[in-house]
Amino acid sequence: MGDALAKTGSLAKKRLPCVNEAANSQSSARLIFSTFASAFAVTDTPSNADDLDLTDPHAARRHKLEEITAKGIDPWGQRFDDRLLVSECRDRIPQIQWQQKDGETIALPDVESEEVDYRQWKADNGPGEEIGPIVRVAGRILLARPTGKLIFMNIRDWTGDIQIFVGKKQVGDENFDLAKLFDLGDLIGVQGRLGRTNTGELTVFAEELILLTKMLEVPPEKHAGMTNQDLRQRMRYADLAFNDGVMQTFLDRTKIIKSIRSTLDDQGFCEVEGPTLHTVPGGAAARPFETHHNALDMKLTMRIALELHLKRLMVGGMERVYELGRVYRNEGLSPRHNPEFTMLETYQAYGNYESMMDLTEKIICDAIEKIGGGFKREYNGTMLDFTPPFQRATYAELFQKATGIDPADEDAVKEYAKGLKLTIDGKHPDVIRNEIFEEKVEDSLQGPIFVTDYPASICPLTKRKKDNPEIAERFEMFICGMELANAYTELNDPDLQEELFKTQLEGQDDEDSMAKMDHDFVRALRYGMPPAGGLGIGIDRLVMVLTNQKSIRDVILFPVLRPE
RNA sequence: GAGAGUGUAGCUCAGUUGGCAGAGCAUUCGACUUUUAAUCGAAUGGUCCUGGGUUCGAGUCCCAGCACUCUCACCA
């Protein structure tokens with residue numbers, strides 16, 4: 001072992017002019033690299049090679065890194081032009097054909113099918129040879145099956161996996177020696193013919209191998225992957241690179257968000273960016289994160305909602321406006337809560353909560369069409385049907401159905417609350433009603449379902465029903481017990497709004513209340529905000545439901561974690 | 001913030017009544033030119049989360065702490 005190292009060491013000095021003919025041959029890149037190689041060769045490599053424990057996976061990778069450098073190959077790669085994505089290789093499958101000796105080409109049989117034995121088929125249709133396009137692919141090595149003078153590898157780019165065939169005779173000694181220095185997780189480029197192996201597997205038959213980047217860490221277990229939740233989130237890069245389906249979930253998230261924007265844009269909505277630093281944390285009932293502005297020496301809070309600034313813009317005449325952005329709430333974590341999360345809020349002048357219901361359906365159904373999978377889809381083991389229109393029911397109906405009591409009967413409600421061991425002292429009747437509702441109804445709403453017409457006093461930013469001031473024109477949409485959307489016919493009476501800000505709801509602490517006085521907002525309303533419908537959608541939760549992920553942390557790339 | 005569970009090799013996990021620390025994958029060496037989580041043979045690899053305690057002896061029992069997961073609370 002020591003001998004081998006000594007040899008490669010001297011080799012490095014002899015072969016300083018870059019011998020990596022296989023790599024990209026931009027001469028400037030080579031020039032830069034030979035400087036790199038010489039710098040590396042001069043820098044003393046560990047001399048205690050005899051002590052190196054090569055069965056330590058990390059040490060083995062470091063050692064291969066040195067051997068690669070000693071060959072004059074840049075282990076960190078160069079620009080790699082004209083490559084095809086794996087998905088594009090799949091598009092070229094029809095170009096793989098069988099050419100008989102007389103020059104006639106015939107299509108391959110359905111090699112993917114169980115019944116077809118491609119090896120036998122070739123014998124029956126021979127003599128001849130398989131032909132296919134020359135392709136260049138790049139990706140991360142996920143699996144390797146070396147069989148002597150032959151190596152099968154599976155590489156992955158962000159569109160899929162493909163098999164690589166490396167034969168010693170086919171690629172030549174130099175390429176083959178390089179391939180033997182590849183480890184699982186390395187990023188490589190391959191040029192070769194696209195074809196099929198005897199077993200019918202789509203394969204790039206390598207003619208040229210290029211190391212694009214060496215991986216120095218050890219990959220997770222190749223079958224089980226990285227299952228530890230904490231590690232997955234802490235090292236999202238490894239989770240994305242090695243765990244099946246993770247990339248797809250996040251690409252779907254992007255598709256969903258793009259789809260939401262395009263649905264709204266198509267209907268004439270205008271996207272804006274409100275401030276994330278607020279002086280009054282309004283628009284929702286939540287504890288804010290606090291921060292401090294040095295030059296102004298004042299307290300600022302991170303926004304907990306988008307609402308009040310979007311409504312100011314409605315006053316200004318932006319008749320259809322939305323923001324799709326991050327809000328921050330200083331509260332507990334759970335599989336459904338992350339301290340920062342993405343919300344859509346949108347407002348439509350001259351609409352009401354019913355226009356928002358239609359819009360919600362459209363937003364969700366459009367997104368489903370973009371990511372595919374149909375309106376009937378599974379979430380967490382239950383089948384959900386998103387075929388519009390979604391189910392609708394009033395708050396009172398659902399309350400009555402679940403509890404058997406009339407929500408208008410205050411005494412009966414109080415008795416029921418006592419039965420649930422809820423504390424009712426000093427609480428507003430609507431607050432008690434709502435606690436019962438949350439306890440008995442919400443969790444059981446499989447949905448998607450719109451719950452409409454909430455008690456007015458728990459909705460301080462909502463317009464009351466014309467014929468019943470006790471009821472607010474509001475809906476919430478639930479799926480699997482999760483609240484996904486919340487919409488109002490927006491309150492635009494400045495005096496009533498000011499009144500609602502002033503009167504704290506009975507039984508609610510200041511910090512629990514939505515009713516935080518925002519004088520400028522009330523002034524804005526006095527300038528005249530059109531009657532409007534407003535809608536908020538929890539984007540992370542929507543993505544959870546549409547991508548069938550149980551935890552919000554599986555749809556947020558970098559959820560909040562304690563430091564390592 | 002409360003309760004329950006988990007923490008053992010780089011990764012995934014076993015570990016019996018308290019009695020020498022185990023497997024698979026990965027890694028290293030050997031064999032193999034159409035493999036499919038390749039296979040076969042051999043080897044290497046440990047702060048058993050941390051700190052105390054009980055004991056002749058602790059991965060295992062007790063106490064405290066840390067981290068994660070789940071449930072609940074706050075909340076969307």
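In the text below, chain A, chain B and the rest are named by the order of the sequence lines, each starting its count at 1. These figures come from a predicted structure and were not determined experimentally.
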Kindly point out which of [options] is positioned nearest to the side chain of [X]?
| X | options | value |
| --- | --- | --- |
| A/T227 | B/C70, B/U69, B/C13 | B/C13 |
| A/K169 | B/A37, B/U33, B/U27 | B/U33 |
| A/L143 | B/C11, B/U34, B/A38 | B/A38 |
| A/K168 | B/C11, B/A38, B/U33 | B/U33 |
| A/P220 | B/C11, B/A37, B/U69 | B/C11 |
| A/A224 | B/U12, B/C68, B/A26 | B/U12 |
| A/R562 | B/C68, B/U27, B/U35 | B/C68 |
| A/L54 | B/G10, B/A26, B/U28 | B/U28 |

Does [X] pair with [Y] as a salt bridge, N-O distance under 4.0 Å?
| X | Y | result |
| --- | --- | --- |
| A/R232 | A/D554 | yes |
| A/D183 | A/K64 | yes |
| A/R193 | A/E130 | yes |
| A/K311 | A/E307 | yes |
| A/E271 | A/R261 | yes |

Does [N] pair with anything, Watson-Crick or G-U wobble, both distances under 3.5 Å, and if so, with which nucleotide?
| N | answer |
| --- | --- |
| B/C32 | none |
| B/C48 | none |
| B/A43 | B/U27 |
| B/A67 | B/U6 |
| B/C72 | B/G1 |
| B/G57 | none |
| B/C13 | B/G22 |

Q: Using heavy atoms to find the nearest nucleotide of RNA chain B for A/G225 and A/Q170 separately, return the residue whose nucleotide is more 5′.
A: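 With A/G225 and A/Q170 compared, the 5'-side residue is A/G225.
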Spacing of the [atom1] atoms in [M] and [N] (rounded, Å):
| N | M | atom1 | result |
| --- | --- | --- | --- |
| B/U69 | B/A26 | P | 29 Å |
| B/C62 | B/G5 | P | 11 Å |
| B/U50 | B/G7 | C1' | 11 Å |
| B/C32 | B/C66 | C1' | 50 Å |
| B/U6 | B/C49 | P | 13 Å |
| B/G18 | B/G57 | P | 16 Å |
| B/A2 | B/A23 | C1' | 38 Å |
| B/A31 | B/A67 | C1' | 46 Å |

In whole angstroms, how far is the [atom2] atom of [N] from the [atom1] atom of [X]?
| X | N | atom1 | atom2 | value |
| --- | --- | --- | --- | --- |
| A/F152 | B/U39 | CZ | P | 14 Å |
| A/M215 | B/C11 | CE | C1' | 11 Å |
| A/N228 | B/C13 | CG | P | 8 Å |
| A/R287 | B/A76 | CZ | P | 11 Å |

With 3.5 Å as the limit, what N/O pairs link the protein to nucleotides 40-44 of chain B?
unit_1, atom_1, unit_2, atom_2, d
B/U44, O2', A/D53, OD2, 3.4
B/U44, O2', A/T55, OG1, 2.5
B/U44, O2, A/T55, OG1, 3.4

Q. Would a distance-only check, ignoring hydrogens and angles, find a side-chain to backbone donor-acceptor pair under 3.5 Å from A/D157 to A/G160?
A.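 Yes; judged by distance alone, with no hydrogens or angles, the pair exists.
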Q.
Here's one to test your reading of the geometry: is the NZ or CZ of A/R474 within 45 degrees of the ring axis of A/Y488 and under 6.0 Å from its centre?
A.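 Geometry flag: not set, cation outside 6.0 Å or 45°.
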(Q) Would you say the base of B/A76 stacks on A/F341 (centre-to-centre below 5.5 Å, plane angle below 30°)? (A)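 A stacking contact exists, since A/F341 sits close and nearly parallel to the base ring of B/A76.
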Q | base_contact_polar (B/U35 base, A/T147 side chain, donor-acceptor, <3.5 Å) | A |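 By the distance-only test, no, there is no pair.
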**Q.** Sole candidate of A/N486, A/D453, A/T462, A/T360 that passes side chain to side chain donor-acceptor pair (under 3.5 Å) when paired with A/Y353
**A.**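 One option only clears the test, and that one is A/D453.
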Q | Pairwise salt bridge (Lys or Arg N to Asp or Glu O under 4.0 Å) hits with a residue in residues 120-129 of chain A, at least two apart | A |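 Sorted pair list comes back empty.
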